[in-house]
Amino acid sequence: MPALAAMSVFAQPSGGPYGPVEKSYSVPKSGNVIYVAPNGKASADGSSVDKPTTLEAAISRVVTGDAVILRGGIYRTGNLELNQGITLQPYADEKPVLKGTEVATAWKSAGEGVWQTSWEKLFPSKPMFWWRREREEARTPMHRFNNDLVFIDGRFLQSAGSVKELTADNYYIDYDKKRVYIGTDPKGHTVEITAHDTAITRTTAKVHGKDADKKGPQILGITFTQYAWTALAIEGKRHFTHLDEPVDEPIGPADPATYGKEVVGTLLENVTISFCGRVAGYFRGDGLVIRNSLFSDTSTEAIYVIGSSDVLLERNIVTRNNIENITGYFASAVKIINQTHRVVVRDNLLLDHPNSNGVWYDVGNRDGVFINNYVEAANVAFMFEISQGVTVTGNVFNSNQLGMWILNSADSYVYNNTFVNSPARISRTERSAQGDHFDWHPATGPGVEERFGHVFEKNLMVADGFDTGALLRIEQWPKVCTKLPDSPMAAVDGNVYVRPHNEYSAAAPLVNWIDRKAENCEVGYSDLAAFQQGAGYDKHGLQLDGSARSLFKASDLRNFGLREALPIDKSVSIPADVTKLLGWSKKSAQRTVGAYPAK
């Protein structure tokens, strides 16, 4: 079992509060305090709330331990750099908003319902080198990868490939002539166009005459929106731009003692980030905490955690990722990647991601904990790929194409989750470190013959219709069908499967399982009894006829507590450290299936 941090929590999503919490901030009593305002004067020293300086001036002056206090209002600013462990927070209960756009006012009619303006601050870009243009361009035109954004009265517009494609809902940019075109008469409207690439970069380079101090910033209660590339970037050993592959640190298998130490202890709390042309925030460095924050309307990722250890994400809301519907980029609302260790994702809401995965631990990660989260309407709610050691417990997966996908990994421990119209899948393929499309990535995780040790116990699997298919899918690709004779599963037991007794349950298998004699290495079992007899697993499981509405208190209101305790076999017990992690007594754990403790 992976090492589990001591946590005072209880299984199942807590009910909040999620996202930013309204509060009035006290001025820190230690360190130098600098007050800033949207109308502040750069020449002012910012020593009092009545004589604020500018945010740009304050950032250039601060040293570790200082606090920048932001008055409410809109700061149209960006590309700020700092390398000190400072605090950024509002003044009292005021609402500071950092915007990466400027208002465009000089519009001319171009005829036929089209208006144009000249714009110098443009952000052309291109896809990463690994994007497969020959396969994806029909669905994702190249102009989607430019990072410019246009808003009319705060409404996000999609990009178009030409003036002829213009409607009221998109824009076109001629990069050679530096002109922006829209299909809405701008008269009487506020049109904003991106003018800054980033809001703040916490760099590890020398800036403003100061060496970096290796301490992360504390960012509290601030809103960031409408930045061309990313709102926040926490750097490691290297400086990255929008054209760089962001996960390339470290490159190849590495000792965690050699990375993640350049910026330690970054905190985001009650922060809002929205409408970034690529990613809301790139985060590197051990000891990162992101708590009670809101990430919405982002592109390929919202939260991107890279090469870091001892990270905590809790009580955040992440919604509407990949609003440009970029394909071939494996979009995920939260991506935890490249040899992270002990990253805990606890009690978050991930909602409305039809073009995106939810949370994805990708390549070389170790000893993750995914607990008490609620994920709804994502492609894959939770994914764990080419990694080793994760505890998945107390979560609710509702109406996702897949609730969980463990791919080419080892030692996943999946206990007491509730899957509603969200199948669970565990797969292994021939993908290895030799000749991989992503080069060194597979070398950071378990090899082809090391992908086993998974446990799937006491989960509640509920489905209503044909589009769900099998509730549990254990797969092995044909190329390794006979090469890997041992089961990837250490245990499958005590699970409850619920489907309506109709043509769906008669036609769709309950469980798909590995069959090395079959041409595609797969067999489907129509019911639990057939699965128990044919595969020899889930001997203490239970199958019931029913639906989400018949089983839960109010599934239409997302209340997935059970109407009454289920007649489960209590002989299946979960490990003591998982019981402790869930905050349950041993007796409660024995009588509970799914995320909500039986009463």
Side-chain angles (χ1 to χ4, degrees), residues 1-16 18 286-292 309-316 336 340-349 359 361 365-375 381-382 384 387-397 403-404 406 409-419 424 453-460 489-496 540-541 560-562 565-566 568-599:
M1 292 293 295
L4 302 179
M7 303 176 191
S8 179
V9 296
F10 297 94
Q12 80 205 43
S14 69
Y18 298 106
D286 297 352
L288 166 71
V289 176
I290 302 178
R291 177 185 294 125
N292 279 109
S309 296
D310 302 304
V311 171
L312 174 62
L313 311 179
E314 68 174 352
R315 295 195 301 275
N316 302 293
I336 301 162
T340 68
H341 290 242
R342 299 175 301 279
V343 176
V344 177
V345 180
R346 179 174 71 199
D347 197 18
N348 300 276
L349 298 184
V359 175
Y361 288 72
N365 304 302
R366 297 288 188 274
D367 300 339
V369 177
F370 189 78
I371 180 170
N372 295 358
N373 301 284
Y374 181 93
V375 190
F382 169 77
F384 192 72
S387 297
Q388 184 164 8
V390 67
T391 298
V392 182
T393 189
N395 303 287
V396 176
F397 304 109
M404 179 195 78
I406 308 295
S409 294
D411 303 326
S412 65
Y413 304 97
V414 185
Y415 299 102
N416 285 96
N417 301 280
T418 296
F419 295 83
H454 305 297
V455 176
F456 191 85
E457 293 188 332
K458 305 201 76 172
N459 298 286
L460 178 57
M489 305 304 298
V492 178
D493 208 1
N495 302 293
V496 174
H540 303 94
F560 292 103
L562 294 172
L566 300 178
I568 64 171
D569 189 323
K570 297 181 177 63
S571 63
V572 179
S573 60
I574 61 178
D577 39 4
V578 176
T579 302
K580 182 179 180 181
L581 184 68
L582 291 169
W584 290 349
S585 67
K586 183 177 180 181
K587 184 177 180 180
S588 180
Q590 284 180 326
R591 65 177 182 237
T592 296
V593 65
Y596 291 84
K599 297 181 180 179

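Note: hydrogens, waters and symmetry copies are ignored here, and every other heavy atom, side chains too, is used. These numbers come from a predicted model, not from an experiment.
In this structure, the side chain to side chain contact (heavy atoms under 4.5 Å, CB included) partners of R315, at least two apart in sequence or on a different chain, are Y18, R291, N292, D347. Shown here are the ring-ring contact (aromatic ring centres under 6.0 Å, His included) partners of Y361, two or more places apart in sequence or in another chain: F382, F384. A589 meets the side chain to side chain contact (heavy atoms under 4.5 Å, CB included) test with I574, T579, W584; sequence neighbours excluded.
Across all non-hydrogen atoms, the minimal contact from V414 to M404 is CG2-SD, 3.7 Å. Closest of all the heavy-atom pairs between S309 and R342 is CB-NH2, 3.9 Å. When all heavy atoms are compared, the tightest approach of L313 to N348 is O-ND2, 3.0 Å. Listed here is the closest heavy atom pair of A595 and V396: CB-CG2, 4.1 Å. Nearest heavy atoms, H454 versus S412: ND1-OG, 2.7 Å. Closest approach of R591 and K570 over heavy atoms only: CB-CE, 3.7 Å.
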Between L582 and T592, does a side-chain contact (heavy atoms from CB on, under 4.5 Å) hold up when you go through it step by step? CA-CA 12 Å; L582 291 169; T592 296; over 6 Å; no
Could you go step by step and tell me if H341 and D367 meet the side-chain contact (heavy atoms from CB on, under 4.5 Å) rule? CA-CA 6 Å; H341 290 242; D367 300 339; 5.6 Å; no
What do the steps show when you test L581 against T391 for side-chain contact (heavy atoms from CB on, under 4.5 Å), and what is the final call? CA-CA 10 Å; L581 184 68; T391 298; 4.1 Å; yes
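Atoms CG and OH, on L562 and Y596 in that order, are 10.0 Å from each other to the nearest 0.5 Å. The OG1 atom of T393 sits 7.0 Å away from atom CG of N395, with the distance rounded to the nearest 0.5 Å. Here CZ of R366 is found 7.0 Å from OG of S387. Values are rounded to the nearest 0.5 Å. Taken from CD in Q12 to CG in N417, the straight-line distance is 12.5 Å, to the nearest 0.5 Å. Here NZ of K458 is found 4.5 Å from CD1 of I568. Values are rounded to the nearest 0.5 Å.
A donor-acceptor pair under 3.5 Å is absent between the side-chain atoms of N416 and the main chain of N459, judged by distance alone.
Looking at V343 and N365, their side chains never come closer than 4.5 Å, going by heavy atoms from C-beta outward. Residues V345 and I336 are in side-chain contact: their nearest non-hydrogen atoms beyond the backbone lie under 4.5 Å apart. Under the 4.5 Å side-chain criterion, counting only non-hydrogen atoms from C-beta, P575 is in contact with Y415. Contact annotation: the side chain of Y413 never approaches that of D577 to less than 4.5 Å [non-hydrogen atoms, C-beta and beyond].
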